[in-house]
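Step one of this worksheet: look at the structure below.
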Amino acid sequence: MRIESGLKLGFKDVMIRPKRSTLKSRSQVSLERTFKFLHNSYEWTGIPIMAANMDTVGTFEMAKALASKQLFTAIHKHYTIEQWSSFIASIPPSYIPHIAVSTGTSEKDNEKLRLIFSIHPQLKFICIDVANGYSQHFVDFVKNARAQFPDKVIIAGNVVTGEMVEELILSGADIVKVGIGPGSVCTTRVKTGVGYPQLSAIIECADAAHGLGGHIISDGGCATPGDVAKAFGAGADFVMLGGMLSGHHESGGELIERNGEKFKQFYGMSSATAMEKHVGGVAEYRASEGKTVEIPLKGHVADTLQDILGGIRSTCTYVGAPRLKELSKRTTFICVSEQENRVYS
């Protein structure tokens with residue numbers, strides 16, 4: 001046993017210090033990024049915000065809404081081959097670069113992945129997703145995926161420490177997904193005691209990834225547009241959202257009506273709800289590590305996206321960053337004991 005005594009920070013622990021700016025308007029800020037990836041020659045351009053690969057968020061409907069605005073969706077792994085084919089036939093080619101095919105790490109998952117790419121070779125992104133990215137089996141799956149799909153961009157996660165980011169990148173991942181336990185419907189931290197405050201995880205993992213020419217996604221913990229801006233300021237290349245994109249018409253989850261009000265179900269992918277839906281229940285050797293909640297219906301996701309993107313543009317004007325790429329260079333965090341005045345909350 002050992003103890004690391006250095007302070008680790010979450011989004012609630014900091015704010016961004018304003019700096020002089022020559023920007024006159026939020027409209028002058030560009031949120032578009034262009035990335036080249038380590039293990040292939042593919043070049044991606046868009047707004048680097050992603051819908052999480054949860055079946056209550058990463059839906060085909062969400063992908064259409066986000067791709068139309070150059071945002072990204074990691075499609076959840078529970079759609080059938082036939083559903084994928086219908087979806088691909090229904091969208092313009094310009095949407096394809098903004099979509100990832102998600103997969104687990106079983107042999108069955110691998111066979112399904114191979115089939116999807118054999119039918120739809122134009123798809124470019126794979127999201128290999130497990131709750132615990134520290135297992136050797138996961139690393140071996142990433143190596144195998146790189147060998148099978150040399151021309152694809154591979155996203156792999158989740159981890160929260162620099163040395164594991166490095167191992168995944170050296171094993172074939174282009175982008176590493178960072179976050180253990182910060183999600184709004186994740187209970188891993190209370191069930192297991194394991195986790196890492198998200199802001200510090202981003203800083204450590206971004207440093208490790210960028211040193212090797214890789215990239216990271218901050219996955220989880222954002223509750224407000226300001227949190228998304230902090231994630232980018234800390235060095236995240238992409239920010240993945242679950243709870244903030246849940247509860248919309250385009251989101252998955254059962255629509256519930258009660259006393260004239262409408263709600264959407266939202267749950268973690270390690271929750272009892274998800275396991276009962278997809279694998280027949282919680283196995284006897286494990287515990288549920290996710291919540292199930294009902295969210296008042298938020299309407300269409302376009303309004304929420306405007307709120308998020310507008311907030312980030314405003315952040316950029318406060319620190320003088322004309323492009324999102326420059327936000328991390330212009331960010332100084334200050335540690336705080338309060339975030340907002342909650343008199344009327």
Side-chain angles (χ1 to χ4, degrees), residues 22-23 25-53 63-75 91-101 121-127 146 149-157 165 168-169 172-178 202-203 205-219 222 225 228-241 305-306 308-317 319-331:
T22 58
L23 295 169
S25 167
R26 295 171 181 83
S27 64
Q28 294 177 274
V29 174
S30 171
L31 299 182
E32 195 173 90
R33 293 288 314 264
T34 296
F35 294 115
K36 293 181 180 179
F37 300 105
L38 181 62
H39 295 290
N40 55 70
S41 59
Y42 186 67
E43 184 174 288
W44 180 88
T45 297
I47 297 174
I49 293 175
M50 295 181 163
N53 52 300
K64 290 178 182 178
L66 267 59
S68 70
K69 298 182 182 297
Q70 287 196 291
L71 279 71
F72 197 98
T73 301
I75 305 291
I91 60 173
S94 61
Y95 286 12
I96 295 291
H98 303 283
I99 293 162
V101 182
Q122 68 271 43
L123 292 164
K124 293 299 296 183
F125 286 82
I126 302 170
C127 179
R146 173 51 63 205
F149 307 108
D151 63 329
K152 305 302 181 188
V153 180
I154 295 178
I155 300 166
V165 168
L168 290 172
I169 290 172
D174 297 289
I175 311 171
V176 177
K177 199 143 68 77
V178 173
I202 295 166
I203 293 168
C205 292
D207 182 58
H210 297 162
L212 292 175
H215 298 82
I216 70 159
I217 301 166
S218 171
D219 176 20
C222 290
V228 181
K230 291 172 189 176
F232 283 125
D237 302 293
F238 296 83
V239 177
M240 180 172 272
L241 303 177
L305 294 179
Q306 182 175 340
I308 294 169
L309 300 182
I312 300 167
R313 287 191 186 95
S314 190
T315 306
C316 290
T317 63
V319 299
R323 298 183 298 161
L324 181 60
K325 180 180 180 180
E326 295 168 24
L327 178 55
S328 63
K329 301 185 183 88
R330 300 284 299 171
T331 292

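Note: hydrogens, waters and symmetry copies are ignored here, and every other heavy atom, side chains too, is used.
- Within the 4.5 Å cutoff, no side-chain heavy atoms of Ile96 are placed close to those of Phe125.
- Ser328 pairs by the side-chain contact (heavy atoms from CB on, under 4.5 Å) definition with nothing, not counting sequence neighbours.
- Heavy-atom minimum distance, Phe72 versus Pro97: CE1-O, 3.4 Å.
- For the pair Ile202 and Val178, the tightest heavy-atom approach, listed with the atom from each and the gap, is N-CG1, 4.4 Å.
- Under a 4.0 Å N-O distance rule, the pair Asp174/Arg146 qualifies as a salt bridge.
- The CD1 atom of Ile75 sits 10.5 Å away from atom SG of Cys127, with the distance rounded to the nearest 0.5 Å.
- One distance of note links CD1 of Ile308 with CD1 of Ile47; it measures 11.0 Å at 0.5 Å rounding.
- Using modelled atom types, no side-chain atom of Lys124 and backbone atom of His98 make a donor-acceptor pair closer than 3.5 Å.
- The pair Glu326-Arg323 meets the salt-bridge criterion, with a side-chain N (NZ, NE, NH1 or NH2) lying under 4.0 Å from an Asp/Glu carboxylate O.
- What you find for Glu43 and Lys36 is that their closest heavy atoms are OE1-CE, 2.8 Å.
- Using a 4.5 Å cut-off on side-chain heavy atoms (C-beta onward), Cys222 and Val239 make contact.
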Note to self: As a quick check of understanding, evaluate side-chain contact (heavy atoms from CB on, under 4.5 Å) for Thr73 and Met50, giving each step before the final call.
What the structure shows: CA-CA 5 Å; Thr73 301; Met50 295 181 163; over 6 Å; no
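- Taking both residues in full, the closest heavy atoms of Ala156 and Leu168 are given as O-CD1, 4.4 Å, listed atom of the first, atom of the second, then distance.
- Across all their heavy atoms, Ala206 and Ala234 have their closest contact at CB-O, 4.4 Å.
- For Phe238, the ring-ring contact (aromatic ring centres under 6.0 Å, His included) partners at least two apart in sequence or on another chain are Phe35, Trp44.
- A distance of 11.0 Å separates CD1 of Ile154 from CG of Leu38, quoted to the nearest 0.5 Å.
- Separating the CG atom in Leu23 from the CZ atom in Arg313 is a distance of 12.5 Å, to the nearest 0.5 Å.
- In terms of modelled atom types and a separation under 3.5 Å, the side chain of Arg26 and the main chain of Val29 share no donor-acceptor contact.
- Within the 4.5 Å cutoff, the side chain of Asn53 has heavy atoms near those of the Met240 side chain.
- Within the 4.5 Å cutoff, no side-chain heavy atoms of Ile155 are placed close to those of Ile126.
- Scanning both residues, Ile175 and Ile217, for their nearest heavy atoms gives CG2-CG1, 3.4 Å.
- At a threshold of 4.5 Å between non-hydrogen side-chain atoms, the residues Ile312 and Phe232 count as touching.
- No donor-acceptor distance shorter than 3.5 angstrom exists from the side chain of Lys64 to the backbone of Tyr95, with no hydrogens or angles considered.
- You'll find the side chain of Thr315 stays beyond 4.5 Å of the side chain of Lys230, heavy atoms only.
- Thr45 contributes atom OG1, which lies 10.5 Å from atom CZ of Arg33 (distance to the nearest 0.5 angstrom).
- One N or O on the side chain of Arg330 and one on the backbone of Val319 form a donor-acceptor pair closer than 3.5 Å.
- Side-chain atoms of Lys152 and Asn40, non-hydrogen and from C-beta on, never get closer than 4.5 Å to each other.
- The neighbour count for Gln306 CD, taken as heavy atoms of other residues, nucleotides or ligands under 6.0 Å away, does not exceed 12.
- For Ser314 (side chain) and Gly310 (main-chain N/O), no donor-acceptor pair under 3.5 Å exists by modelled atom type.
- In terms of modelled atom types and a separation under 3.5 Å, the side chain of His39 and the main chain of Ile169 share a donor-acceptor contact.
- Here Asp219 contributes atom CG and Leu241 contributes atom CG; the two are 9.0 Å apart, rounded to the nearest 0.5 Å.
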